[in-house]
Number of protein chains: 2
Amino acid sequence: MNESQTKGETRPGRITLEDVARDAGVSLATVDRVINRRPGVRQKTVARVEAAIARLSYRPDPLAARLARNRTFRFCFVLPRGSNTFMSLLEEQVRHASDWLASQRADTDIVHADTFDPEALAGALDALGSAYDGVATIALDHPRVRAAIDDLSSRGVAVVTLVSDAPSSRRLHYAGIDNTAAGRTAGTLMGRFLAGRSGRVGVIAGSLALRDHAERHFGFAQVMGGEYPGLTLLPVREGRDDRERTEAIARQFLADTPDLVGLYSIGAGNRGIGAALEASGRADDIVFIGHDLTPFTRRFLVRGVMDAVINQDAGHEARSAARVLMAHCWGEPVVADQERIRIDIFIRDNLP
Amino acid sequence: MNESQTKGETRPGRITLEDVARDAGVSLATVDRVINRRPGVRQKTVARVEAAIARLSYRPDPLAARLARNRTFRFCFVLPRGSNTFMSLLEEQVRHASDWLASQRADTDIVHADTFDPEALAGALDALGSAYDGVATIALDHPRVRAAIDDLSSRGVAVVTLVSDAPSSRRLHYAGIDNTAAGRTAGTLMGRFLAGRSGRVGVIAGSLALRDHAERHFGFAQVMGGEYPGLTLLPVREGRDDRERTEAIARQFLADTPDLVGLYSIGAGNRGIGAALEASGRADDIVFIGHDLTPFTRRFLVRGVMDAVINQDAGHEARSAARVLMAHCWGEPVVADQERIRIDIFIRDNLP
DNA sequence: CTGTTAGCGCCTTCAC
DNA sequence: GTGAAGGCGCTAACAG
């Protein structure tokens, strides 16, 4: 029935450093040196210890190691100030993550900066100096920002980019999604939901100067242009992620375009778009796809105003950034699989 | 620029049990008793200690606690024997998770059983006796199985159901998805991808005696019947999750049904269905939706044979089960958010 | 180069 | 009821 049922009592207690030391005929300290690849051990002794380790198949206990190292770390999360629903949600999740970090002997600060302005962001990063062991920041793909990240990095501060990346920088890790792929995902859903119909599709971005918005737009346009010739994109409009502006733009689209069949919202401000759509009475007719699950987009999905929401899990991103920084500081490995942020598709039926 | 930048040097070292003891004017042992709600402390002393804890805002260090408790646990994962690609994938992920468990002082066995047969499964669970501190098992919603789970539970063995649930049992947690919702998700995607077209949709299950398959079918049929009157469901066929059988059924659907426009595969055996579809030359015309991302379904998505895959992340499920068992055994809390298994939708563009 | 010796922060016997 | 003392497994000074 079952295969490898060694009874509990037979268990020979964990193999410890001491066992290895005895087996290798050396002291604890020497084994410790070998394990942590510290200098000052003769090659011959190293070999002997390694043999013992292999023979006993010893696995160091990370718990005990952490306790004995008795280190504590300081992390900093750089988040936008003010900003939209998604960012508030992210901040909340960062606060949860920092509770967890605290229990892991890491103190976390949250600082706010204008993460959309390269100069301001770079300045904020510069100001961090070497006060932290790790920094997680919403990034921008800009030379100034890259330089600031590389600076931190060369000062020994681990940097993780969050939600928005600076790919060419020396950041340790990016906790976020591939926005081009996210845009393509939106495009394919738009095309398929509109199957057979033809007409115009309006696109509202926050600002195409933001790399993630530009990438989503690129991915979306790529799919639409390449695979759905019956659908024409209206010139992109920028709503600055602002509810009122996006609402105005959506109203205008609706008024000016009788054959409007789709609406793709690249950034925030979905509340405004949804409102315009509902007011127009054409919500059932127009496919509306946007990003990021918030209480608002969720409601729109449920009511059928929105047809799909492409999401990145803010909680996952915050926890992932925290885990990656911790693991890096302790010199422990990460489970790559677990740190991959998915491009979630939500429709009415698979809402969490 | 930044807000709460307390310099690193000012940090006053962690607050420890000792600080609390001093502050309360008692010994370490007493504080320990209070914290772990153990008897043998006068109410007055308890109050004094609790006051001190609050005053210093003391947080116990879980690391040190685990080390000192010096406990080790035994877990068991009960998985189907043989079985399909998804289950192999799950088993691989369980092996990864058990590596992690090992580093957390938990030894893990994997036992194989016929998890589709209530008697066999219940027997396997019964055989586990009290050898384990925790068991994660593919479950079945059946009285015999429920009884076996409840038995384990009352023997003090924590039980987590994995992928397939036994809702009425006294299991601690279910690491899996809501299959009715998953079926509805498939239904909505089918309906929308088929927008405007009408015709027949074939459904192939493994076996409707399996609760998860039945639930998916229910959800799917609910949506199709309620919202897409132009689409008619053909009578469900059961392919026993077997590649050859499903292929034969798919061929028959294709041959007998000229107006076949959709194919929903509830269980495994997608390889067979995809093959039949490709052979028929109607792959572009028929919307094919199935479950679980495997190398095969992935390839079908990329080639456009499949249009969407509803997935449950096997790695996430395995890790989640492991984490929940560990946390339970150590009496530590879990991050609920992190343990919620998503109903993933994958299309060509958002593949991981 | 190698070994000895204190801890890390908490839990768990045991005495009192 | 309460306290003192000895670990848990590992690391980090020091000595030699």
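Order of the sequence lines sets the chain letters (A, B, ...), proteins ahead of strands, with each chain counted from 1. Values below: every heavy atom of this structure, side chains too, minus hydrogens, waters and symmetry copies.
- Judged by distance alone, the side chain of Arg342(A) and the main-chain N or O of Pro352(B) form no donor-acceptor pair under 3.5 Å.
- Residue Arg59(B) places its CZ atom among 12 or fewer non-hydrogen atoms of other residues, nucleotides or ligands, all under 6.0 Å distant.
- The salt bridge (Lys or Arg N to Asp or Glu O under 4.0 Å) check on Arg170(A) picks up nothing, with sequence neighbours excluded.
- An end-to-end axis angle of 40° holds for the helix from dC1(C)-dG16(D) to dC16(C)-dG1(D), taken from five base pairs per end and rounded to 10°.
- Interatomic distance, Ser168(A) OG to Asp150(A) CG, rounded to the nearest 0.5 Å: 7.5 Å.
- For the pair Leu63(B) CG and dC8(D) P, the interatomic distance rounds to 17 Å; values are reported in whole Å.
- Atom pair Arg22(B):CZ and dG3(D):P shows a separation of 14 Å (rounding to whole Å applied).
- Counting all heavy atoms, side chain and backbone alike, Asp61(A) lies closest to Leu63(A) at OD1-N, 2.8 Å.
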Scan nucleotides 7-9 of chain C against the protein and return all N/O pairs shorter than 3.5 Å with their distances rounded to 0.1 Å.
{"from": "dC8(C)", "atom 1": "O3'", "to": "Asn70(A)", "atom 2": "OD1", "distance (Å)": "3.3"}
{"from": "dC8(C)", "atom 1": "O2", "to": "Leu67(A)", "atom 2": "O", "distance (Å)": "3.4"}
{"from": "dC8(C)", "atom 1": "O2", "to": "Ala68(A)", "atom 2": "N", "distance (Å)": "3.2"}

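- A heavy atom lying under 4.0 Å from DNA chain C marks the following residues of residues 28-44 of chain A, by number: Ala29(A), Thr30(A), Arg33(A), Gly40(A), Val41(A), Arg42(A).
- Across all non-hydrogen atoms, the minimal contact from Phe77(B) to Leu162(B) is CD2-CD2, 4.1 Å.
- Taking OG1 of Thr137(A) as the reference point, atom CG of Leu152(A) lies at 9.0 Å (rounded to 0.5 Å).
- Here dA12(D) presents its P atom at 14 Å from CZ of Arg66(A), a figure rounded to the nearest Å.
- Note: CD (Glu18(A)) to C1' (dT5(C)) measures 13 Å, nearest angstrom.
- When each of Ser27(B) and Arg59(A) is assigned the nucleotide of DNA chain D bearing its nearest heavy atom, the one mapping closer to the 5' terminus is Ser27(B).
- Not counting sequence neighbours, Arg146(B) has no partner by the salt bridge (Lys or Arg N to Asp or Glu O under 4.0 Å) test.
- Using a cut-off of 4.0 Å between Lys/Arg side-chain N and Asp/Glu carboxylate O, Arg38(B) and Asp32(B) are scored as salt-bridged.
- By the 6.0 Å contact criterion, CD on Glu332(A) is enclosed, its count of non-hydrogen atoms from other residues, nucleotides or ligands being greater than 12.
- Trp100(A) meets the ring-ring contact (aromatic ring centres under 6.0 Å, His included) test with no other residue; sequence neighbours excluded.
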